[in-house]
Amino acid sequence: LTHCRDLVRQGTIAAYGEAADYLRFYEINPEVVHLAGSYFTYLKDSPARIEIIDGDARLSMEREMASGQTQQLDVLAIDAFSSDAIPVHLLTSECGDIYRQQLKPGGILAVHISNRFLDLNPVSRGLAEHLGWKAYQIENDGDDLAGVFSSTGILLTADEELGSDAGFQKSVTPWKTNDRILHWTDDY
């Protein structure tokens, strides 16, 4: 089941790609990479230029930076938290510093935090606080009849204009005033 969800997410993102787009997927599971290329056409049918990097995203990005490469991405989407095994190393302050270096100035870090077992809102807000960025919560309702689960995403950015956009603000779910903010680090 996990493999299928990963394939659907990659396929959905690839389907939105346009000819001028560059999509870079970091995939830790080699089976997903194999299945995506062997049995599905989402990636190869996308007009976007697509690259798949095998391995843990954080470690791969650290290696890229060590060799002098940063991607300078417009958007970096992290979608690894919906199962019961949370890769906590992807939400630490130290990892946030890696994300900042991989994004263009004013880029957006989009984190899908939907999880049945752990509330990642406080950690996402802590990451934004560490980076000195704003965090915006976007919630989508589920639809049992259509088989759609509810979801929560957090957009983190230093881009001040995004938060002042009236159309964007209609999609934002306000934070609760008593929400905690937690800082995860590699050591704690």
Test side chain to side chain donor-acceptor pair (under 3.5 Å) applied to Gln169 - qualifying residues, sequence neighbours left out: none
What distance do Trp184 atom CH2 and Ser124 atom OG have between them, rounded to the nearest 0.5 Å? 8.5 Å
Are a donor atom and an acceptor atom from the side chains of Gln71 and Glu64 found within less than 3.5 Å of each other? yes
Spacing of Met61 atom CE and Arg63 atom CZ [to the nearest 0.5 Å]: 11.0 Å
Compute whether any side-chain donor of one residue and acceptor of the other, for Thr92 and Asp186, lie under 3.5 angstrom apart. yes
Glu18 atom CD, over 12 foreign heavy atoms within 6.0 Å: no
Taking atom CG as the centre, does Asp143 end up with more than 12 heavy-atom neighbours from other residues, nucleotides or ligands that are less than 6.0 angstrom away? yes
Please name the residue in the list Ile154, Leu76, Leu73 that meets the side chain to side chain contact (heavy atoms under 4.5 Å, CB included) test with Leu109. Leu76
Do any N or O atoms from the side chain of Thr41 and from the backbone of Lys44 form a donor-acceptor pair under 3.5 angstrom? no
When clusters are formed by joining ILVMFWY residues with side-chain heavy atoms under 4.5 Å apart, either directly or through shared neighbours, do Ile78 and Trp133 land in the same one? yes
I'd like to know whether Phe25 forms a side chain to side chain contact (heavy atoms under 4.5 Å, CB included) with Glu51, so could you lay out the CA-CA distance, the side-chain angles of the two residues, the decisive distance to 0.1 Å, and finally the verdict. CA-CA 6 Å; Phe25 294 98; Glu51 185 175 10; over 6 Å; no
Is Glu62 paired with Arg58 through a side-chain N to carboxylate O contact shorter than 4.0 Å? yes
Tell me if a side-chain donor or acceptor on Ser164 pairs with a main-chain N or O of Glu161 at a distance below 3.5 Å. yes
Nearest heavy-atom pair of Gln102 and Gln69: which atoms, and what distance? NE2-O, 4.2 Å
According to a hydrophobic-cluster definition based on side-chain heavy atoms being under 4.5 Å apart (Ile, Leu, Val, Met, Phe, Trp, Tyr only), do Leu120 and Ile138 belong together? no
Short question: side chain of Ser46, backbone of Tyr42 - any donor-acceptor pair under 3.5 Å? no
Hey, are Ser114 and His112 close enough side-chain-wise for a donor-acceptor pair under 3.5 Å? yes
Could you report the tightest heavy-atom contact between Ala48 and Gly17, atom names first, then the distance? CB-CA, 3.8 Å
Do the non-hydrogen side-chain atoms of Ile108 and Asp159 ever get within less than 4.5 Å of each other? no
Might you work through the side chain to side chain contact (heavy atoms under 4.5 Å, CB included) test for Leu155 and Lys134, ending with a clear yes or no? CA-CA 8 Å; Leu155 301 180; Lys134 300 282 187 200; over 6 Å; no
Output the distance between atom CG (Asp54) and atom CD1 (Ile52), rounded to the nearest 0.5 Å. 7.5 Å
So, taking the atom named CG in Leu23 and the one named CG in Leu43, what distance separates them when rounded to the nearest 0.5 Å? 9.0 Å
Using the test ring pair (Phe, Tyr, Trp, His ring centres under 6.0 Å), find all partners of Tyr136 that sit at least two apart in sequence or belong to another chain. Phe168
Looking at every heavy atom in both Ser60 and Ile53, which two are closest together, and how far apart are they? OG-CG2, 3.8 Å
Indicate if Leu162 and Tyr99 have the same hydrophobic cluster label, given that clusters are the connected sets of ILVMFWY residues with side-chain heavy-atom separations under 4.5 angstrom. no
Worked verdict on Leu103 versus Gln72 for side chain to side chain contact (heavy atoms under 4.5 Å, CB included): CA-CA 4 Å; Leu103 286 163; Gln72 296 303 295; over 6 Å; no
Check against side chain to side chain contact (heavy atoms under 4.5 Å, CB included), Asp21 and Arg49: CA-CA 6 Å; Asp21 294 338; Arg49 185 169 60 97; over 6 Å; no
If we ignore hydrogens and angles and just use 3.5 Å, is the side chain of Asn115 paired with the main-chain N or O of Phe81 as donor and acceptor? yes
Among Asp79, Val123, Thr152, Ile86, exactly one meets side chain to side chain contact (heavy atoms under 4.5 Å, CB included) together with Ile113. Which residue is that? Thr152
Once you round to the nearest 0.5 Å, how far does CD of Glu94 lie from CG of Leu127? 10.0 Å
All heavy atoms of Gln137 vs all of Pro174, minimum pair found to be NE2-O, 3.5 Å
Quick one: salt bridge (charged side-chain N to carboxylate O under 4.0 Å, His left out) partners of Asp74, sequence neighbours excluded? Lys104
Is there a path of hydrophobic side-chain contacts, each under 4.5 Å between heavy atoms, that joins Val75 and Tyr26? no
According to a hydrophobic-cluster definition based on side-chain heavy atoms being under 4.5 Å apart (Ile, Leu, Val, Met, Phe, Trp, Tyr only), do Val172 and Ile181 belong together? no
